[in-house]
Amino acid sequence: MSDTTDKLVGIVLVSHSADVATSVAELAKGLAGGGTTAPVGPAGGIPGGGLGTSAELISAAAASVDQGAGVAVLMDLGSAILTVKALLAEGDELPENTRLVDAPFVEGAVAAVVTASAGGDLAAVEAAATEAYSYRKE
Amino acid sequence: MLDADFFRRWMTATAASVDREAERLTALDSPIGDADHGSNLQRGFHAVAVTLEKEAPDTPGAVLVLAGRQLISTVGGASGPLYGTLLRRTGKELGDTAEVTEEQLTDALRAGVDAVMQLGGAAPGDKTMIDALVPAVDALSDSFAAGRAAAEEGAVATTPLQARKGRASYLGERSIGHQDPGATSSALLIAALEEASVE
């Protein structure tokens, strides 16, 4: 699962809330431990504040975390998911090799950032994040 | 034949009617949604109107693709990517010819509606914009007026339905008895087609 170059997969976290996106990014980076951490771009809320989804913030976050190894995008609810799908359908709005990752937001973000920081490629990052659906809590 | 000017009038008429009806859309969205449908669409279609004035695309397809792009960028809620996909896909289907027939527009809209169903995973009867758009597209082959009537009837007919998609679906049976805001705004979009054609 290790990439031969030192480029890391970037992670974009899309939430309706700027606070949620930023906090989950901090949580995931914190739990990824020491050493190099994969780039994480929070894209929360709408520009100027308020709850919602911003295509501009998502595009900007994706561009900022793209090192050339791919970008994994995780989302919370409703319009966040639809907006990412619509941007992917546009073709040129997100970096090449950007993937929508179907995963629980918090658990998936942690798994994705840990895996990406360890040098996992995009497929490994996606698999780790998606697998978070199977962690039962009871 | 319908040229780029017709499509600009369609978008401008939609923006004006969303503007007029914004409070009503938000009122419909407050018992079953998050009370922002009117203001979100108002922001989106205002941006569409401003951009079309500045950039003046010269084919029907280009007008719709640009409008759709603006909606995805500016709306901030689920209606942005949904309406954005509807218009972009419809515009792409129209290609880059300077004029299209009403029949071509109807066929392109049908492809747009299919793309929306695919994006949102909604089917007729789920109490969404699809419940206005599907009957509208079917009726548009007769006339814009028939499309308008079918869209309005479709929107009203969402009232007794239980929502199965989006935020309203969390309410379960409590979503019954409220007209769907997305179907209502879709009826405005279709009604604006008729307005654009009589100008």
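Order of the sequence lines sets the chain letters (A, B, ...), proteins ahead of strands, with each chain counted from 1.
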Quiz item: In chain order, what residues pass the ring-ring contact (aromatic ring centres under 6.0 Å, His included) check against B:Phe7, with sequence neighbours excluded?
Solution: none

Quiz item: Hey, any chance B:Leu133 and B:Leu140 share a hydrophobic cluster, counting ILVMFWY side chains that come within less than 4.5 Å of each other, even indirectly?
Solution: yes

Quiz item: Is it the backbone or the side chain of A:Ala80 that comes under 4.5 Å from a heavy atom of chain B, or both, or neither?
Solution: neither

What would the table of donor-acceptor pairs between chain A and chain B look like if you include every N and O pair under 3.5 Å, whether backbone or side chain?
{"unit_1": "A:Thr53", "atom_1": "N", "unit_2": "B:Gly76", "atom_2": "O", "d": "2.8"}
{"unit_1": "A:Glu56", "atom_1": "OE2", "unit_2": "B:Ser73", "atom_2": "OG", "d": "3.1"}
{"unit_1": "A:Glu90", "atom_1": "OE1", "unit_2": "B:Arg69", "atom_2": "NE", "d": "3.3"}
{"unit_1": "A:Glu90", "atom_1": "OE1", "unit_2": "B:Arg88", "atom_2": "NH1", "d": "3.4"}
{"unit_1": "A:Glu90", "atom_1": "OE2", "unit_2": "B:Arg88", "atom_2": "NE", "d": "2.8"}
{"unit_1": "A:Glu90", "atom_1": "OE2", "unit_2": "B:Arg88", "atom_2": "NH1", "d": "3.2"}
{"unit_1": "A:Glu93", "atom_1": "OE1", "unit_2": "B:Arg69", "atom_2": "NH2", "d": "2.6"}
{"unit_1": "A:Glu93", "atom_1": "OE2", "unit_2": "B:Arg69", "atom_2": "NE", "d": "3.0"}
{"unit_1": "A:Glu93", "atom_1": "OE2", "unit_2": "B:Arg69", "atom_2": "NH2", "d": "3.3"}

Quiz item: Do A:Val24 and A:Leu74 belong to the same hydrophobic cluster, where Ile, Leu, Val, Met, Phe, Trp and Tyr are linked whenever their side-chain heavy atoms lie under 4.5 Å apart, directly or via other members?
Solution: yes

Quiz item: By a 4.5 Å heavy-atom criterion (distance strictly below it), what part of A:Leu77 contacts chain B: side chain, backbone, both, or neither?
Solution: side chain

Practice problem: Please name the pair of heavy atoms, one in A:Leu82 and one in B:Gly120, separated by the smallest distance, quoted to 0.1 Å. | Solution: CD2-CA, 4.0 Å

Quiz item: Given the rule that I, L, V, M, F, W and Y join up when any side-chain heavy atoms are under 4.5 Å apart, are A:Leu31 and A:Val113 in one cluster?
Solution: yes

Quiz item: Is there a path from B:Leu86 to B:Leu2 through hydrophobic residues (I, L, V, M, F, W, Y) whose side chains come within less than 4.5 Å of each other?
Solution: yes

Quiz item: Quick one: CG on A:Leu87 to CD1 on B:Ile72, what's the gap to the nearest 0.5 Å?
Solution: 6.5 Å

Exercise. Give the cluster check for A:Phe105 versus A:Val9: same hydrophobic cluster or not, with ILVMFWY residues linked at side-chain heavy-atom distances below 4.5 Å.
Key: yes

